[in-house]
J.: 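The structure is given below, and queries will be raised subsequently.
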Amino acid sequence: MKEYTSRYVSYNTAETWTGITEFNMQIPGAQEGAAPRAATYEEWKAAVIRLYPGAEESTCYTVNDLHQLAQDTFEDSIYTIGALSTYYQDFQRIARWLLQNGKLYRNEEHRLFQQGIPTSLWTKIARRLEIAKLDHHPLEPYDVEDVLEAGKWALKGTDTSITVCVVPASQPVSNGTPGILPLPTALIASLPTPTTPSNYVKQEDLNKAILTALSSAMTCLESLMNNSITANRQRNNQGGNNNSNNQPNNNLCHFCSELGHGMSRSCCPVVENYLQQGKIRRATDGKVVWPSGVVIPNYPDLKTF
């Protein structure tokens with residue numbers, strides 16, 4: 001088997017491999033007087049691997065590789081199901097090896113996978129999971145498979161093609177080992193040329209559209225806030241002129257609309273009941289938010305949460 005293996009590599013590589021002592025070495029027999037034997041394929045394979053630093057199984061991947069993958073994916077963003085699937089496949093390849101070799105905990109895997117998802121997409125995924133996983137603890141990360149399915153739901157209708165990277169023979173792979181089995185030139189030439197989908201949107205156009213939408217939304221929000229402030233001032237002035245005996249009630253709870261208490265800690269029994277059921281939680285500044293940490297919207301036409 002050793003001599004057959006050398007046929008699949010370049011001439012120089014084959015010369016290096018067959019020149020190793022274990023290729024033709026005779027090992028003395030285990031018992032006294034026994035005939036010497038040739039080195040086994042596994043012994044020769046171990047000697048070959050020692051020629052390539054970083055190719056050992058113990059140094060295949062590190063947790064830093066997962067951190068770097070999550071950071072790069074977060075910066076590049078994810079706009080299609082194909083991009084999400086590519087990130088999932090790359091992440092699972094590294095995480096699976098780390099888990100099997102006891103170098104990664106399951107909860108850490110879930111948290112790292114979520115860190116690689118951009119904020120805009122994660123907001124949609126979190127809302128989907130809050131509905132689909134009602135019994136999930138708000139402080140625990142979601143399973144990778146659940147996040148993937150929610151991401152596919154949020155990106156439904158986008159491009160599903162997966163990015164495939166072909167590594168040339170002269171270019172090192174991720175663990176520092178040179179490409180041993182180069183792809184034939186004819187095979188690379190026969191690969192189909194990637195085509196741009198008909199519904200593909202350029203990154204520059206998408207960024208411009210997002211900025212325009214944000215600017216328009218901020219203008220509308222500023223206008224609504226100004227109108228609300230003006231209307232409140234007019235109502236207060238009218239109330240003071242029409243009935244001087246009616247004093248404004250500052251003890252109205254904006255959560256349950258009851259009088260005599262507010263929404264601060266341990267004041268509203270309805271707030272405390274919702275907190276115990278896990279429907280809401282308090283942020284670090286004491287405000288009431290959704291279990292995922294998203295601020296509860298405040299609509300001008302509604303008086304209470």
Side-chain angles (χ1 to χ4, degrees), residues 63 66-67 69-71 73-75 77-79 81 83-85 87-88 91-92 95 99 104-158 210 213-214 217-218 221 224-225 228 251-258 260-305:
V63 179
L66 274 186
H67 281 280
L69 175 61
Q71 180 179 350
T73 305
F74 182 86
E75 294 175 355
S77 195
I78 298 175
Y79 297 109
I81 295 179
L84 178 63
S85 299
Y87 170 54
Y88 170 77
F91 186 93
Q92 283 296 88
L99 289 169
L104 183 69
Y105 293 105
R106 185 66 66 177
N107 267 9
E108 188 178 7
E109 175 200 9
H110 300 335
R111 295 184 189 278
L112 285 175
F113 186 74
Q114 295 178 189
Q115 290 177 10
I117 299 179
T119 305
S120 57
L121 177 59
W122 175 248
T123 301
K124 300 177 182 179
I125 292 177
R127 292 175 180 173
R128 173 67 176 177
L129 291 175
E130 286 176 359
I131 299 174
K133 303 290 182 180
L134 296 177
D135 297 333
H136 184 81
H137 196 283
L139 299 181
E140 291 292 331
Y142 290 98
D143 292 343
V144 174
E145 301 297 334
D146 294 337
V147 175
L148 175 65
E149 293 302 320
K152 291 180 179 179
W153 180 89
L155 297 172
K156 188 178 298 183
T158 61
I210 293 175
L214 288 176
M218 293 298 295
L221 180 60
L224 289 173
M225 293 178 63
S228 178
N251 292 328
L252 176 65
C253 179
H254 294 288
F255 194 92
C256 67
S257 72
E258 296 292 335
H261 64 268
M263 292 175 57
S264 57
R265 299 181 182 276
S266 303
C267 291
C268 178
V270 179
V271 171
E272 298 301 318
N273 186 24
Y274 274 48
L275 288 171
Q276 293 177 3
Q277 296 179 12
K279 296 181 178 179
I280 58 175
R281 67 182 183 89
R282 288 192 183 275
T284 54
D285 56 357
K287 294 182 179 180
V288 175
V289 296
W290 291 116
S292 62
V294 179
V295 177
I296 301 176
N298 185 13
Y299 298 100
D301 56 335
L302 299 180
K303 296 182 179 180
T304 64
F305 284 93

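Every heavy atom of this structure was used, including side-chain atoms; hydrogens, water molecules and symmetry mates were not.
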J.: Shortest non-hydrogen contact from W290 to E130?
T.: CB-OE2, 4.4 Å
J.: Are I78 and L155 packed together at the side-chain level, in the sense that at least one heavy-atom pair is separated by less than 4.5 angstrom?
T.: yes
J.: Where do F74 and T119 land on the side-chain contact (heavy atoms from CB on, under 4.5 Å) test, with the steps shown first?
T.: CA-CA 8 Å; F74 182 86; T119 305; 3.8 Å; yes
J.: Can you spot which of E149, Q114, Q92 makes a side chain to side chain contact (heavy atoms under 4.5 Å, CB included) with V144?
T.: Q92
J.: If you compare all heavy atoms of A70 against all heavy atoms of L112, which two are closest, and at what distance to 0.1 Å?
T.: CB-O, 3.6 Å
J.: Working to the nearest 0.5 Å, report the span between CG of L148 and OG of S85.
T.: 6.0 Å
J.: So which of H136, R111, E108 actually passes side chain to side chain contact (heavy atoms under 4.5 Å, CB included) with P141?
T.: R111
J.: Are Y88 and E145 linked by a side-chain donor-acceptor pair shorter than 3.5 Å?
T.: yes
J.: Kindly give the heavy-atom pair with the smallest separation between G293 and R281, and that separation in Å.
T.: CA-NH2, 3.3 Å
J.: Ion pair present between R106 and E109, side-chain N to carboxylate O less than 4.0 angstrom?
T.: yes
J.: Taking the side chain as every heavy atom from C-beta outward, state whether V147 and H110 have any pair of such atoms under 4.5 Å apart.
T.: no
J.: Tell me if the centroids of the rings in Y87 and F113 come within less than 6.0 Å of each other.
T.: yes
J.: What is the minimum heavy-atom distance between W122 and I117, and which atoms define it?
T.: N-CG2, 3.8 Å
J.: Would you indicate whether R127, at its atom CZ, is surrounded by more than 12 heavy atoms from other residues, nucleotides or ligands within a distance under 6.0 Å?
T.: no
J.: If you apply the rule side-chain contact (heavy atoms from CB on, under 4.5 Å), what do you find for V289 with I280, and how did you get there?
T.: CA-CA 6 Å; V289 296; I280 58 175; over 6 Å; no
J.: Could you go through D146 and K133, starting from their C-alpha distance and side-chain angles, then the distance that decides it, and tell me whether this counts as side-chain contact (heavy atoms from CB on, under 4.5 Å)?
T.: CA-CA 9 Å; D146 294 337; K133 303 290 182 180; 3.6 Å; yes
J.: Could you tell me which non-hydrogen atom of I81 sits nearest to which non-hydrogen atom of K156, and how far apart they are?
T.: CD1-CA, 4.2 Å
J.: Are V295 and K287 close enough, and set up right, to give a side-chain contact (heavy atoms from CB on, under 4.5 Å), and what steps lead you there?
T.: CA-CA 9 Å; V295 177; K287 294 182 179 180; over 6 Å; no
J.: Taking all non-hydrogen atoms of both residues, which atom of A126 and which atom of S292 are closest, and how far apart?
T.: CB-CB, 4.5 Å
J.: Can you check whether F91 reaches L69 side chain to side chain, under 4.5 Å on heavy atoms?
T.: yes
